[in-house]
Protein chains: 2
Amino acid sequence: MRRKRIRNWENRLKEEGYKITSPRKTILSVFEQLGGHPNAREVFNDLSSRSPDIGLTTIYRTLELCVRLGILKKYDFGDGHSRYEITNEKTDHHHHIICEKCSKVIEYRDFLDEETMLIKKIQNKLEKKFHFEIKQHVLDFYGLCKECIDKKKESE
Amino acid sequence: MRRKRIRNWENRLKEEGYKITSPRKTILSVFEQLGGHPNAREVFNDLSSRSPDIGLTTIYRTLELCVRLGILKKYDFGDGHSRYEITNEKTDHHHHIICEKCSKVIEYRDFLDEETMLIKKIQNKLEKKFHFEIKQHVLDFYGLCKECIDKKKESE
DNA sequence: TTGGTAATGGTAATCATTTTCATTTAAAGG
DNA sequence: CCTTTAAATGAAAATGATTACCATTACCAA
């Protein structure tokens with residue numbers, strides 16, 4: 001049984017009354033094919049050969065629209081570029097390990113059960129204590145990746 | 001016994017061969033007195049009456065220098081401004097709850113024992129698996145604060 | 001007190017992101 | 001298939017945070 005590729009994001013756009021345009025298809029295809037956490041310019045560069053007529057403005061607009069509709073997730077790792085990633089069951093909840101030197105990002109999603117429980121527990125307490133309505137959390141680790149550790153050793 | 005106020009940051013600067021200058025004193029005093037997580041412009045505005053001759057450039061330079069020396073910590077909550085906070089025993093390790101609407105930031109340092117143990121465990125696992133050298137982690141919660149929840153209800 | 005050097009401050013530059021506006025296009029209806 | 005029309009697009013200019021440059025100033029060791 002062939003599984004039909006359902007482009008969920010097309011439905012989401014239609015649901016909200018947005019048009020399925022050629023630039024939108026092209027931009028989303030980058031996320032479907034490449035994965036990772038590209039920023040606006042990286043999407044732009046990736047498209048520059050295939051679709052040189054898509055402007056950076058449209059990329060920004062499309063990315064923000066998709067974030068609003070939950071099609072993409074937006075991350076800020078503190079390197080001055082907003083980064084985006086397609087939302088789906090597989091990538092839905094995970095954390096990051098970020099190299100402070102070269103900005104490489106690794107993601108992982110094999111949480112310990114203990115972790116999930118602890119986060120829930122903390123979240124409940126915080127909601128009560130501060131009257132917040134907590135929607136999401138970020139648990140990211142920062143450090144040095146293997147390559148940057150090696151480079152550092154060499155230069156010493 | 002009077003406890004002499006030891007300005008740790010003066011020592012840190014001297015240790016590294018940096019000078020104790022009037023602008024640096026003034027800028028650091030903002031963090032000692034106000035606390036919170038001001039960004040560069042907020043520091044600048046706070047000083048505009050007291051010390052109108054300190055340039056925004058110097059603020060940026062001083063903040064980054066202090067981050068390099070560990071005198072300040074730098075945060076990025078994704079609202080487009082880097083925010084800074086003085087480092088000391090009291091504020092050393094904590095987490096944030098950030099309102100996605102108004103960008104208010106609450107910090108908390110409860111639940112650290114449980115957290116410490118779990119984080120250590122996760123950290124070890126990740127270091128082995130990905131050959132990373134993990135230096136720090138961020139556990140922040142995002143959602144809506146009481147005021148923004150109320151406002152939202154009113155407007156419905 | 002003074003000389004050397006780091007620090008400063010104003011201005012201009014940079015870089016990511018947004019806004020503006022004239023032109024193009026998706027998609028609904030005939 | 002062919003209009004119609006509002007939404008979408010792209011180019012260029014605007015914005016806003018941060019950084020670079022450079023001439024001037026101010027620590028601080030001698």
Side-chain angles (χ1 to χ4, degrees), chain A residues 7 9-30 37-69 71-72 74-84 103, chain B residues 7 9-30 37-69 71-72 74-84 103:
Chain A
R7 275 193 281 252
W9 57 264
E10 290 201 359
N11 297 328
R12 282 292 292 131
L13 284 176
K14 277 185 186 154
E15 268 169 36
E16 305 285 337
Y18 294 100
K19 294 176 180 169
I20 311 303
T21 65
S22 163
R24 284 176 182 165
K25 281 183 197 164
T26 310
I27 292 168
L28 266 300
S29 78
V30 172
H37 313 77
N39 59 37
R41 181 154 300 274
E42 285 166 352
V43 173
F44 182 75
N45 290 341
D46 188 64
L47 291 179
S48 61
S49 48
R50 263 188 292 161
S51 312
D53 41 347
I54 296 182
L56 190 51
T57 307
T58 298
I59 310 243
Y60 273 107
R61 264 188 305 231
T62 303
L63 296 181
E64 283 308 308
L65 174 64
C66 289
V67 169
R68 246 181 296 134
L69 301 190
I71 295 166
L72 295 177
K74 184 176 185 175
Y75 295 104
D76 195 332
F77 298 139
D79 66 341
H81 318 278
S82 293
R83 300 183 163 277
Y84 303 83
S103 294
Chain B
R7 274 194 282 254
W9 56 266
E10 292 202 358
N11 297 329
R12 281 293 292 130
L13 285 177
K14 278 185 187 158
E15 269 169 36
E16 304 284 338
Y18 294 100
K19 293 176 180 169
I20 311 302
T21 67
S22 164
R24 284 175 182 165
K25 281 184 198 164
T26 309
I27 292 168
L28 266 300
S29 79
V30 172
H37 313 76
N39 60 37
R41 183 156 297 275
E42 284 166 353
V43 173
F44 183 74
N45 290 343
D46 188 64
L47 291 179
S48 62
S49 48
R50 263 189 292 161
S51 310
D53 41 348
I54 296 182
L56 190 52
T57 309
T58 299
I59 311 242
Y60 274 107
R61 262 189 307 232
T62 303
L63 297 180
E64 284 306 311
L65 175 63
C66 289
V67 170
R68 246 182 294 134
L69 301 190
I71 295 165
L72 296 176
K74 184 176 186 175
Y75 295 104
D76 195 332
F77 298 139
D79 66 341
H81 319 277
S82 292
R83 298 183 166 278
Y84 303 83
S103 295

Legend entry - B/Arg24 side chain near C/dT8 phosphate (N/O to OP1/OP2, under 4.0 Å): yes
Inset, instruction - Look up atom CD1 in B/Ile27 and atom CG in B/Leu47, then write down how far apart they are to the nearest 0.5 Å. - result: 6.5 Å
Inset, instruction - Would you please name every residue forming a side chain to side chain contact (heavy atoms under 4.5 Å, CB included) with A/Thr57, sequence neighbours left out? - result: A/Arg61
Inset, instruction - Could you please name the option among C/dA16, C/dA7, D/dT18 that lies closest to any side-chain atom of B/Tyr18? - result: C/dA7
Legend entry - Between C/dG4 (C1') and B/Lys19 (NZ): distance, integer Å: 8 Å
Inset, instruction - Tell me what A/Asn39 touches on the nucleic acid: a base, only sugar-phosphate, or nothing, going by heavy atoms under 4.0 Å. - result: nothing
Inset, instruction - Output the distance between atom OG1 (B/Thr26) and atom CD1 (B/Ile54), rounded to the nearest 0.5 Å. - result: 4.0 Å
Inset, instruction - Classify the nucleic acid contact of B/Gly80 as base, sugar-phosphate or nothing, counting any heavy atom under 4.0 Å across all strands shown. - result: sugar-phosphate
Inset, instruction - Using a strict cut-off of less than 4.0 Å between a Lys/Arg side-chain nitrogen and an Asp/Glu carboxylate oxygen, indicate whether B/Arg12 and B/Glu16 qualify as a salt bridge. - result: yes
Inset, instruction - Indicate whether OP1 or OP2 belonging to D/dA8 is found under 4.0 Å from a side-chain N or O atom of A/Thr58. - result: no
Legend entry - Nearest-Å distance for atom pair CG/C1', residues A/Leu56 and D/dA14: 15 Å
Legend entry - Atom pair distance, as rounded to whole Å: CG in B/Leu65 and P in D/dA20: 14 Å
Inset, instruction - Take the protein atom CZ of A/Phe77 and the nucleotide atom C1' of C/dA16, then report the distance between them rounded to whole Å. - result: 17 Å
Inset, instruction - Please state how far atom CG in A/Asp53 lies from atom C1' in C/dT23, giving the value in whole angstrom units. - result: 14 Å
Inset, instruction - Tell me whether the OP1 or OP2 atom of D/dA12 has a side-chain N or O from A/Thr57 closer than 4.0 Å. - result: no
Inset, instruction - Establish, with yes or no, whether the OP1 or OP2 oxygen of C/dA7 is under 4.0 angstrom from a side-chain nitrogen or oxygen of B/Thr21. - result: no
Legend entry - Integer-rounded Å distance: D/dT18 C1' and B/Ile59 CD1: 13 Å
Inset, instruction - Would you mind telling me which of C/dA26, D/dT9, D/dC28 lies closest to the side-chain atoms of A/Ser22? - result: C/dA26
Legend entry - Phosphate OP1/OP2 of C/dT18 contacted by A/Tyr60 side-chain N/O (<4.0 Å): no
Inset, instruction - Provide, to the nearest angstrom, the distance between the CG atom belonging to B/Leu13 and the C1' atom belonging to C/dA7. - result: 12 Å
Legend entry - Atom pair OG (B/Ser51) and NZ (B/Lys25), whose distance is rounded to the nearest 0.5 Å: 12.0 Å
Inset, instruction - Rounded to the nearest angstrom, tell me the gap between atom CZ in B/Arg68 and atom P in C/dA7. - result: 10 Å
